[in-house]
J.: 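This is the structure, below, for whatever I ask next.
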Amino acid sequence: MNLVNKPVEKNQIVDVEITSMTHDGLGVAKVGNFPIFIKNTLPGESVSVKVIAIKKNFAIGKVIDIYKQNELRIEPKCPIYKQCGGCNLQHLSYYGQLQIKTKNVKETLKRIGGIETTVHDCIGMEDSWKYRNKTQVPFGLYNDEVVAGFYRENTHDIINMNSCDIQDETADEIINYLKIVSKKYQLIPYNEENHSGNLRHVIVRKGYVTNEYMVTIVTKEKKLENKKEFINDLVNKFPMIKSVVQNINEKKTNTIMGNAQKVLYGENYIFDYIGDVKFAISSRSFYQVNPIQTNKLYDKVLEYANLTGNEIIIDAYCGIGTIGLYLSKKARSIYGVEIIPDAIRDAILNAKINSFTNAHYEIGKAEEVIKIWQKDNIKADIIIVDPPRKGCEKALLETIIEMKIPRVIYVSCDPATLARDLKILNENNYNINEVQPVDMFPHTMHVESIVLLKLKEADN
Ligand SMILES: C[S@@+](CC[C@H](N)C(=O)[O-])C[C@H]1O[C@@H](n2cnc3c(N)ncnc32)[C@H](O)[C@@H]1O
């Protein structure tokens with residue numbers, strides 16, 4: 001696109017129509033072919049916009065007035081919605097959010113992968129609030145008061161938050177209480193600018209079914225001021241806390257957790273169930289944050305797996321083993337692979353606490369370990385891939401194709417990389433049977449998708 005002559009200038013006010021939305025929840029309008037991205041707008045709206053920044057291929061606009069509203073626009077529930085970068089779809093009704101997510105998956109598959117297949121309506125929640133089982137907030141000082149909350153969008157300024165509509169209420173209460181006790185016990189919040197203070201982040205995790213809580217306190221230093229009194233105070237006030245962990249992050253970095261940690265109270269784990277499978281969750285392991293939707297997601301995987309009891313399943317990118325173990329009672333064996341050693345340690349423990357003896361785990365890169373299984377002549381009937389946002393390594397897809405694994409169930413949190421990977425499989429003898437989007441993150445633009453692919457020969 002030759003955009004030497006941009007059709008708009010900085011500070012110009014233009015009237016435009018919003019035609020689509022980006023994956024970050026920004027409305028998109030076009031002047032000629034030149035896109036303007038505008039926060040807090042929705043497709044179908046006519047708006048007056050001030051151009052606040054011009055980049056090489058696009059501009060950013062700020063709404064001045066909305067002349068014609070999308071009929072599904074609503075008043076955001078959260079009082080700090082405009083400042084906070086956590087949610088970006090609260091100005092759209094939940095019904096509208098699900099529609100947009102389905103459309104987004106459909107269009108992305110077509111645009112990037114050239115794929116036209118059955119995309120079902122996104123599976124939503126009955127109650128789309130208070131769904132998160134994990135709350136993670138930075139601590140800081142503002143006017144001598146301890147604050148904790150979310151970063152203002154695109155900054156590291158902490159917006160103090162007492163409750164959040166998508167988080168667990170008890171987790172909010174624990175954090176509010178920690179603001180009080182940290183002051184009482186002189187645990188000084190961390191200051192990013194001069195790398196001073198000690199209390200950096202607090203992470204609260206909840207076992208949804210067990211109601212067990214784990215609190216991880218991230219500090220800059222090994223020492224934790226008045227540790228004994230501080231922890232006593234906290235667990236007496238919240239007896240549902242079964243584990244308190246101190247994680248130490250001495251570095252000047254944006255990464256939240258450091259490598260060293262110690263258990264200050266209780267065990268290293270809390271427990272939770274997905275269906276009737278029990279899981280031990282440690283402070284650093286990946287565990288889906290929306291337990292109600294995780295159940296629906298895994299049930300859909302189970303449906304697509306259509307197990308008879310004889311299947312050998314590869315669970316690639318297995319984390320702490322959740323998906324594979326959810327299926328394992330109905331399968332012959334599970335082969336799980338994951339890059340993080342701690343997660344594999346947890347997966348092995350999880351198999352053990354459920355008395356599942358048919359699950360085998362390897363630490364390593366999925367794209368490398370699968371080669372070993374190929375050499376060992378493991379004849380997998382199904383492979384489940386659940387990669388991070390960047391999608392699968394090409395080498396993994398190539399081995400799946402070489403091994404002619406009859407069924408692939410792809411669980412994806414990014415429609416764009418999903419489309420790229422599906423295209424490769426589709427061009428190499430796999431039919432894409434159907435796609436099921438699931439809303440794991442209401443009020444944000446994120447969408448999870450599950451795809452069933454079948455090897456063409458096996459499909460006949
Ligand atoms: C989206 S999570 C899925 C975890 C798990 N399936 C679940 O549902 O809880 C992706 C996982 O892939 C792991 N991972 C990232 N790159 C990997 C690779 N090349 N090989 C194996 N695992 C990898 C991450 O550590 C993470 O646990």
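Counting from 1, the numbers follow the sequence of the chain as shown. Order of appearance sets the numbers: ligands from 1, and atoms from 1 within every ligand.
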J.: Specify the protein heavy atom at minimum distance from atom 7 (C) of ligand 1: its residue, its atom name, and the distance to 0.1 Å.
T.: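 That would be Thr322 OG1, 3.3 Å.
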J.: So which heavy atom in the protein is nearest atom 11 (C) of ligand 1, and how far is it from that ligand atom?
T.: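 In this structure, atom 11 (C) of ligand 1 has Glu338 OE1, 3.6 Å as its nearest protein heavy atom.
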J.: Out of curiosity, is Tyr298 lining ligand 1, as in a heavy atom under 4.0 Å away?
T.: yes
J.: List every atom of ligand 1 that sits less than 4.0 Å from any heavy atom of Glu367, numbering the atoms from 1 in the order shown and giving each element.
T.: 19 (N)
J.: Side chains of Asn249 and Thr253: any donor to acceptor distance under 3.5 Å?
T.: no
J.: When you measure from the side chain of Arg284 to the backbone of Asn259, do you find a donor-acceptor pair of N or O atoms at a distance under 3.5 Å?
T.: yes
J.: Within a distance under 4.0 Å of any heavy atom of Lys365, pick out the atoms of ligand 1 and give their elements.
T.: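 Selected atoms, number and element: 20 (N).
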J.: Would you mind checking which non-hydrogen protein atom is closest to atom 10 (C) of ligand 1, with the distance to 0.1 Å?
T.: Asp386 O, 3.3 Å
J.: In this structure, does ligand 1 have an atom that sits under 4.0 Å from one of the heavy atoms of Pro388?
T.: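 Yes.
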J.: I'd like to know whether ligand 1 has Glu393 as a neighbour, heavy-atom separation below 4.0 Å.
T.: no
J.: What part of Ala343, side chain from CB on, backbone N/CA/C/O, both or neither, has a heavy atom under 4.0 Å from ligand 1?
T.: neither
J.: Between Tyr273 and Phe279 (judged by ring centroids, cut-off 6.0 Å), do the two rings come close enough to count as a pair?
T.: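 No: the rings miss the under 6.0 Å criterion.
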J.: What's the shortest heavy-atom distance between Ser328 and Asn358, and which atoms?
T.: O-ND2, 3.0 Å
J.: Name the residue from His156, His201, His195 that meets the ring-ring contact (aromatic ring centres under 6.0 Å, His included) definition with Tyr190.
T.: His195
J.: Any atoms of ligand 1 less than 4.0 Å from a non-hydrogen atom of Pro387? List them with their elements.
T.: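 Atoms satisfying the 4.0 Å criterion: 1 (C).
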J.: Any side-chain donor-acceptor pair under 3.5 Å between His360 and Ser333?
T.: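 No, Ser333 and His360 have no side-chain donor paired with an acceptor closer than 3.5 Å.
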J.: Tell me the nearest of Asp315, Asp414, Ile339 to atom 22 (N) of ligand 1, using heavy-atom distances.
T.: Ile339
J.: For Ile401, is there any backbone N or O sitting under 3.5 Å from a side-chain donor or acceptor partner on Asn428?
T.: no
J.: Closest approach of Lys300 and Ile123, non-hydrogen atoms and distance?
T.: CE-CD1, 4.5 Å
J.: Using a strict cut-off of 4.0 Å, indicate which atoms of ligand 1 neighbour a heavy atom of Ile340.
T.: 25 (O)
J.: Please lay out, stage by stage, how Gln261 and Gln246 fare under the test side chain to side chain donor-acceptor pair (under 3.5 Å).
T.: CA-CA 5 Å; Gln261 60 180 40; Gln246 181 187 2; over 6 Å; no
J.: Could you check whether any heavy atom of Ser285 sits closer than 4.0 Å to an atom of ligand 1, since that is the contact criterion I want to use?
T.: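 Ser285 does not count as a contact of ligand 1 under the 4.0 Å cut-off.
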J.: Students should be able to answer this: which protein heavy-atom is nearest to atom 23 (C) of ligand 1, and at what distance?
T.: Tyr317 CD2, 3.4 Å
J.: Going by the atom numbers of ligand 1, which of them fall below 4.0 Å from some non-hydrogen atom of Gly364?
T.: 20 (N), 21 (C)
J.: Under a 4.0 Å threshold between the charged nitrogen and the carboxylate oxygen, would Lys365 count as salt-bridged to Glu338?
T.: no
J.: Tell me: protein heavy atom nearest atom 20 (N) of ligand 1, and distance?
T.: Ala366 N, 2.8 Å
